[in-house]
Number of protein chains: 2
Amino acid sequence: MSLETPTIKQLEYFVGLAEATSFRRAAERLNISQPTLTAQVYNLEKVLNLTLVERSRSGTTLTPAGRDLLVNARQVIEEMCGLMDQAAMINSGPGGTFRMGVSPTSGPYLLPHILPGLHQAYSSLKLYVRENMPKTLELDLLEGRLDLVLIPKPFDNSSLTSEVLFHEPMQLVIPEDHDLSKLKKIKPHHLRGQTILTLLEQYSSYHQTESLCAELGANIARDYEGSSLDALRQMVMMRMGLTFLPTLYIHSEIHQPQGLNVREVEKIKLYRTHALVWRRNSPNRGFYRQLAELIRSLVKTHLSEVKLIF
Amino acid sequence: MSLETPTIKQLEYFVGLAEATSFRRAAERLNISQPTLTAQVYNLEKVLNLTLVERSRSGTTLTPAGRDLLVNARQVIEEMCGLMDQAAMINSGPGGTFRMGVSPTSGPYLLPHILPGLHQAYSSLKLYVRENMPKTLELDLLEGRLDLVLIPKPFDNSSLTSEVLFHEPMQLVIPEDHDLSKLKKIKPHHLRGQTILTLLEQYSSYHQTESLCAELGANIARDYEGSSLDALRQMVMMRMGLTFLPTLYIHSEIHQPQGLNVREVEKIKLYRTHALVWRRNSPNRGFYRQLAELIRSLVKTHLSEVKLIF
DNA sequence: TTCAAGTGATAGGAAAATCCTATCATTAAA
DNA sequence: TTTAATGATAGGATTTTCCTATCACTTGAA
């Protein structure tokens with residue numbers, strides 16, 4: 001674009017004049033004075049270096065150039081109206097396309113229960129969901145590539161605000177023909193010497209599991225770290241060890257752990273804490289807070305049969 | 001559109017800020033001061049009633065609303081660029097779509113020889129040609145529905161300017177088996193008592209023919225007035241009378257008057273005068289004058305074999 | 001911890017643009 | 001000839017836009 005562009009007002013005035021075919025009538029319709037209109041149309045002609053309007057003592061006519069540019073002027077105004085409409089849309093509800101990151105260990109098992117309810121509550125809300133490892137998501141959030149992140153705690157950044165959604169118990173998963181399967185109630189000491197499979201270190205559950213194993217005297221399988229819950233399940237079925245899986249995963253019908261047994265370990269409270277995270281100073285933080293509250297209540301109602309702690 | 005729209009500048013500033021992700025850098029690129037940018041972006045946000053940009057001490061990020069509206073803003077600017085381009089195009093040569101009216105008695109026989117040359121001279125020139133009766137065209141021109149008219153004189157309006165292009169002789173057309181066909185040279189008195197066919201009164205040649213007939217003692221056929229030169233030719237072939245046809249028509253190869261003879265009448269100078277007409281105060285009058293000159297020279301070179309008077 | 005460099009926000013005032021009222025000159029129509 | 005309507009112009013008030021100087025804060029390096 002060159003040094004100077006016309007003003008939107010000038011275009012509006014020009015279109016108004018073209019429609020009214022008279023400076024005075026147009027000025028009246030546009031609620032401005034006739035000299036103002038004269039001056040602005042003249043300014044427009046000056047920036048474009050063209051004569052747009054043919055003045056006579058009996059009204060005005062467009063020049064050929066004026067007729068051609070009238071089309072363009074209308075298009076510009078049209079686009080501007082589109083922008084205003086869009087802004088109004090966004091204003092009417094919390095709008096815009098929010099980019100949310102989720103962990104692959106929770107997204108597939110949590111979001112299907114949440115998204116319908118969100119769209120019902122905020123019909124104009126658009127979500128773009130991206131799955132990635134929590135550490136990566138945290139960085140994306142900090143650097144503005146994401147607006148919201150839904151991951152298990154913990155995370156450690158002071159410029160981020162988070163709202164805890166709920167706590168999800170982890171349950172021990174063992175092969176059906178494993179010795180421990182015979183036990184109804186598994187006690188902490190049973191785990192001593194067992195091999196425990198975990199996710200990659202980038203996943204937040206890793207460190208939790210690690211300290212737990214250290215406490216119990218169980219070993220962490222260093223060689224095979226899973227990158228998905230499904231992978232962990234497969235590895236347990238192949239007798240590579242035991243693992244802790246989140247209740248939501250176990251509950252999800254698609255992944256009924258056939259050939260596996262699920263057990264609680266007495267006196268051990270292992271759970272992951274899901275949180276919704278955003279930048280501390282985000283202008284939408286008010287809305288994000290509402291969103292967290294809504295998600296919480298949605299989980300409560302839609303996942304009432306799952307043991308979750310709020 | 002509501003009461004107030006953003007400014008083009010504000011949109012440009014906003015886009016610049018979105019691209020630079022920092023008020024200072026953006027301000028530098030946009031050649032404005034940082035406080036100005038801050039203020040204008042704030043104004044934009046106020047008009048739209050939205051927060052577009054998330055400010056932090058380490059640069060800026062777009063909010064979801066900001067990202068969505070960035071698209072719209074770019075579109076508006078795009079359209080504005082289109083307008084500027086169009087204006088530049090029109091500026092580079094005489095441009096815009098000129099609406100020209102021609103008489104059906106001259107357009108089909110004259111324009112094919114002219115238009116190619118016009119487009120060669122002014123490559124950006126666009127012409128929209130409309131055929132109609134001269135009287136109608138004159139009104140359309142006066143009321144701004146046309147920019148230019150190419151018709152035979154005369155016409156009588158003081159607010160119109162015209163430039164004579166050339167004079168075109170009219171020639172007598174008679175059936176091959178008519179008595180006068182035997183004569184090599186036809187003299188004025190031969191026409192006494194003959195029936196002369198003319199176009200409708202709305203055509204400019206009518207009055208000329210009328211006064212000539214009165215002078216020679218010939219009769220005008222009141223019952224059958226033609227509305228096209230072809231119609232006149234047909235009527236002559238059906239022995240309904242004689243007529244004067246313009247040289248250009250006779251010359252046009254498509255209408256070689258088979259079965260008819262063309263004769264000049266001695267001492268009679270009947271011709272029609274073609275003129276290019278425009279509104280006296282039209283801003284393009286300078287260009288129209290050039291156009292007339294160009295048409296004249298095109299006719300001279302492309303129709304040199306036709307006897308025309310300049 | 002300290003310091004330097006970078007961020008956006010703010011204040012105050014200058015410059016430019018926008019707009020208005022009042023008026024003029026010309027034209028078209030009554 | 002008069003009357004009403006047209007667009008152009010002058011002068012001045014108002015609003016917007018913009019700049020300089022400065023502040024408050026954060027970040028990252030020393």
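Here the structure is a predicted model, which means the values were calculated and not measured. Computed from heavy atoms alone, side chains included, the values below leave out hydrogens, waters and symmetry copies. Protein chains get the first letters and strands the later ones, always in sequence-line order, with residue 1 at the start of each.
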Please determine, for the side chain of [X], which listed nucleotide ([options]) has the closest atom?
X	options	result
B:R25	D:dG7, C:dG8, C:dT7	C:dT7
B:N43	D:dT17, C:dA22, C:dT18	D:dT17
B:S22	C:dG8, D:dT20, D:dT17	C:dG8

Indicate whether OP1 or OP2 belonging to [N] is found under 4.0 Å from a side-chain N or O atom of [X].
X	N	answer
A:K9	C:dA17	no
A:T7	C:dA17	no
B:T38	C:dG8	no
A:R55	D:dA8	yes
B:T36	D:dC18	no

Integer-rounded Å distance: [N] [atom2] and [X] [atom1]:
X	N	atom1	atom2	result
A:E54	D:dA8	CD	P	12 Å
B:E4	C:dT18	CD	C1'	13 Å
B:E45	C:dG8	CD	C1'	12 Å
A:F23	C:dT27	CZ	C1'	16 Å
A:L37	D:dA5	CG	P	18 Å
B:Q10	D:dC18	CD	C1'	13 Å
A:I32	C:dC20	CD1	C1'	11 Å
A:E28	C:dT21	CD	P	13 Å

**Fill in**
Distance col, row A:L69:CG vs A:L62:CG, nearest 0.5 angstrom, shows 10.0 Å
**Prompt:** How long is the span from the OG1 atom in A:T105 to the NE2 atom in A:H274, to the nearest 0.5 Å?
**Reply:**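 The distance works out to 7.0 Å.
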In terms of side-chain geometry, is the basic nitrogen of [X] or [Y] positioned less than 4.0 Å from the acidic oxygen of its partner?
X	Y	value
A:R99	A:D140	no
A:E28	A:R25	no
A:E79	B:R74	no

**Modelled atom types, side-chain donor and acceptor of A:T36 and A:Q40, under 3.5 Å** =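 The criterion, which ignores hydrogens and geometry beyond distance, is not satisfied for A:Q40 and A:T36.
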**Prompt:** Any chance the side chains of B:Y288 and B:E293 put a donor and an acceptor closer than 3.5 Å?
**Reply:**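 No donor-acceptor contact under 3.5 Å links the two side chains.
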**Message:** Should the side chain of B:R24 and the base of C:dG6 be counted as holding a donor-acceptor pair, with the cut-off at 3.5 Å?
**Reply:** no
**Message:** Both A:Q34 and A:Y13 contact DNA chain C. Which one's nearest nucleotide lies toward the 5' end?
**Reply:** A:Y13
**Message:** Tell me if a side-chain donor or acceptor on A:Q86 pairs with a main-chain N or O of A:L83 at a distance below 3.5 Å.
**Reply:**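 Here the side-chain-to-backbone pair does not exist.
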**Prompt:** Taking five pairs at each end, how big is the angle between the two axes of the helix from C:dT1-D:dA30 to C:dA30-D:dT1, to 10°?
**Reply:**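 It comes to 20° between the two terminal axes.
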